[in-house]
S.K.: 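After the structure tokens below, expect a handful of questions from me.
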Amino acid sequence: MTDHPPLIDVGALVDPAASAESRASAAREIDSAAGSWGFFYAANHGVDGQLIAAVVQHARAFFAQDPEEKMRIPMAAGGTAWRGWFPAGGELTSGRPDWKEGLYLGSELGPGHPRVRDGVILHGPNLWPRIAGFRKTVLAYIDAMEALGHALMRGCALGLGLPESWFDDHGTREPLLLLRFFNYPTRPAPADVPASWGVGEHTDYGLLTMLWQDDVGGLQVKKDGDWFDAPPVPGTFVCNVGDMLDRMTGGRYRSVPHRVTINASGSDRLSIPLFFDPDFDTVIGPVPGAGPGQDDSGRRWDGANLHQFSGTYGDYVTAKVGKVFPELRRSLDISYHGPASR
């Protein structure tokens, strides 16, 4: 066994001219990684390197601004869309503050969209900083990452012995796309912010996370009770299984705990995850051939049995997200209808 998640060439999945045999080969590697590590590095992913570099440049420019400028677009101004900036220590994991600051972004939906009119959480317009080219570059990046997400989900479907379009036909034709810019300060947390981690132990909520990380490092993955580093690998995205893919596959694909260490490198750390999630109203059920799933509460960070969950993805994510920003949840008076209130 290696001491880090495997690296997989996913080029055949993003290339429409690739042979069925080469797609099947990549899918088998994803199937193996998703069932053992729950993580893998995606190489030859097809996302333009210049676009990635431009997004990184814009992210660094945003975090380099004075707090007063960043505070022009606070999360409190994003309403139920849950978009905007929060300062270091402003987000919780397992009830404790993380030592990172962040900018929440996602698919751009205008005021006429039905879910925006209805105030559905996680749907709406972004809050854009006053940085030239920022909006255009970020939206292009979201589009490119959505295409990669569809390609990787085709690989998951093939690995499960399903038609390539299975996930597209069952909840991801119009996925919920959430983009995050995270900056992990190298300066220590102040005494009034009891942060022990850059991000505390957690699992991701949706189907698949695709993470760009810089060369500082700090991401750790829990496997069979031990923690392993997932160091930066140039030219790749770190991809991991989310709770819904674990639930849908009856535990064949594993949503495993991970965390980020406090940054003591001497330079700030930047990471940019995109969460590729089911449509909000998707009823989460097993994929064809999946077993019922066993009680996995003993290995999960929150002690919950994921395989008892029933309902829509909206039910699940709504219950989770308010624990991350409890003050924002209270200020918006969101009515919770997910598993936490059942």
Side-chain angles (χ1 to χ4, degrees), residues 1-49 51-52 141-173 175 177 203-204 206-213 219 221 223 228 230-256 258 272-278 286-290:
M1 183 188 73
T2 61
D3 59 358
H4 57 77
L7 187 147
I8 301 174
D9 184 334
V10 301
L13 297 172
V14 303
D15 179 4
S19 68
E21 181 181 355
S22 59
R23 292 199 304 276
S25 177
R28 285 193 296 270
E29 291 190 58
I30 290 176
D31 181 71
S32 176
S36 56
W37 281 91
F39 272 75
F40 61 92
Y41 293 90
N44 197 17
H45 48 67
V47 180
D48 183 75
L51 177 58
I52 296 173
Y141 184 76
I142 290 174
D143 287 345
M145 295 302 290
E146 178 181 2
L148 176 59
H150 282 295
L152 295 177
M153 293 309 299
R154 290 195 294 270
C156 289
L158 285 175
L160 293 164
L162 303 172
E164 285 188 66
S165 64
W166 194 90
F167 286 102
D168 196 43
D169 296 335
H170 295 82
T172 67
R173 193 174 304 279
L177 302 172
T203 58
D204 294 344
L207 288 174
L208 189 71
T209 304
M210 298 168 284
L211 169 73
W212 179 91
Q213 57 175 338
L219 175 63
V221 178
K223 176 174 169 54
F228 296 86
V233 177
T236 70
F237 291 106
V238 186
C239 302
N240 66 275
V241 172
D243 291 347
M244 294 299 94
L245 193 51
D246 189 324
R247 174 70 179 87
M248 293 172 76
T249 62
R252 174 170 170 172
Y253 289 0
R254 300 178 62 200
S255 171
V256 301
H258 47 286
I272 305 176
L274 185 134
F275 301 93
F276 187 95
D277 295 351
V287 303

S.K.: Given Lys223 and Ser36, is the side chain to side chain contact (heavy atoms under 4.5 Å, CB included) satisfied, shown in steps?
M.R.: CA-CA 8 Å; Lys223 176 174 169 54; Ser36 56; 4.1 Å; yes

S.K.: Does this structure show an ion pair linking Asp15 with Arg23, if we count only N-O contacts that are shorter than 4.0 Å?
M.R.: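 Judged by the 4.0 Å cut-off on N to carboxylate O distance, Asp15 and Arg23 do not form a salt bridge.
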
S.K.: Do the two ring centres, one from His150 and one from Phe167, sit under 6.0 Å apart?
M.R.: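 No: the rings miss the under 6.0 Å criterion.
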
S.K.: Quick one: does Cys239's side chain get under 4.5 Å of Met210's, heavy atoms only?
M.R.: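 Yes, at least one pair of side-chain atoms sits under 4.5 Å.
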
S.K.: Look up atom CG in Leu211 and atom CZ in Phe275, then write down how far apart they are to the nearest 0.5 Å.
M.R.: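 The distance works out to 8.0 Å.
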
S.K.: Checking Trp166 now: which residues fulfil ring pair (Phe, Tyr, Trp, His ring centres under 6.0 Å) with it, not counting sequence neighbours?
M.R.: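 Trp166: ring pair (Phe, Tyr, Trp, His ring centres under 6.0 Å) contacts with His170.
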
S.K.: Got a sec, which residues hit salt bridge (charged side-chain N to carboxylate O under 4.0 Å, His left out) with Arg173, two or more places apart in sequence or on another chain?
M.R.: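 Arg173 satisfies salt bridge (charged side-chain N to carboxylate O under 4.0 Å, His left out) with Asp168, Asp169 only.
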
S.K.: Could you check whether Ser22 and Ser25, counting side-chain N and O atoms only, form a donor-acceptor pair closer than 3.5 Å?
M.R.: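 On atom types as modelled, these side chains do not qualify, holding no pair under 3.5 Å.
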
S.K.: Whether the side chain of Ser32 engages the backbone of Glu29 through a donor-acceptor N/O pair (distance < 3.5 Å, no angle test) should be reported.
M.R.: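 Absent.
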
S.K.: Does His258 have its ring centroid less than 6.0 Å away from the ring centroid of Phe39?
M.R.: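 Here the rings of Phe39 and His258 have centres that are less than 6.0 Å from each other.
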
S.K.: Between His45 and Phe237, how do the two ring planes meet: parallel, tilted or perpendicular, split at 30° and 60°?
M.R.: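 Rings of His45 and Phe237: tilted, as their planes differ by 30° to 60°.
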
S.K.: I'd like to know if the side chain of Arg154 reaches the main chain of Leu13, judged simply by a donor and an acceptor atom lying under 3.5 Å from each other, with no hydrogens or angles considered.
M.R.: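 It does hold such a pair.
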
S.K.: Considering only heavy atoms from C-beta outward, does the side chain of Pro273 approach that of Gln213 to under 4.5 Å?
M.R.: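 They are not in contact (no side-chain heavy atoms under 4.5 Å apart), so the answer is no.
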
S.K.: Under 3.5 Å, is there a donor-acceptor pair between the side chain of Thr203 and the main chain of Val256?
M.R.: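 No, the answer is negative, given that no donor and acceptor are paired below the 3.5 Å cut-off.
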
S.K.: Just how far is it from atom CZ of Arg28 to atom CD1 of Ile8, taken to the nearest 0.5 Å?
M.R.: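 It is 12.0 Å, given to the nearest 0.5 Å.
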
S.K.: Applying the side chain to side chain contact (heavy atoms under 4.5 Å, CB included) criterion to Asp204, which one of Asp277, Val241, Asn240, Leu245 satisfies it?
M.R.: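 The option that passes is Asn240.
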
S.K.: Nearest 0.5 Å, please: how far is CG in Leu162 from SG in Cys156?
M.R.: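 The distance works out to 10.0 Å.
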
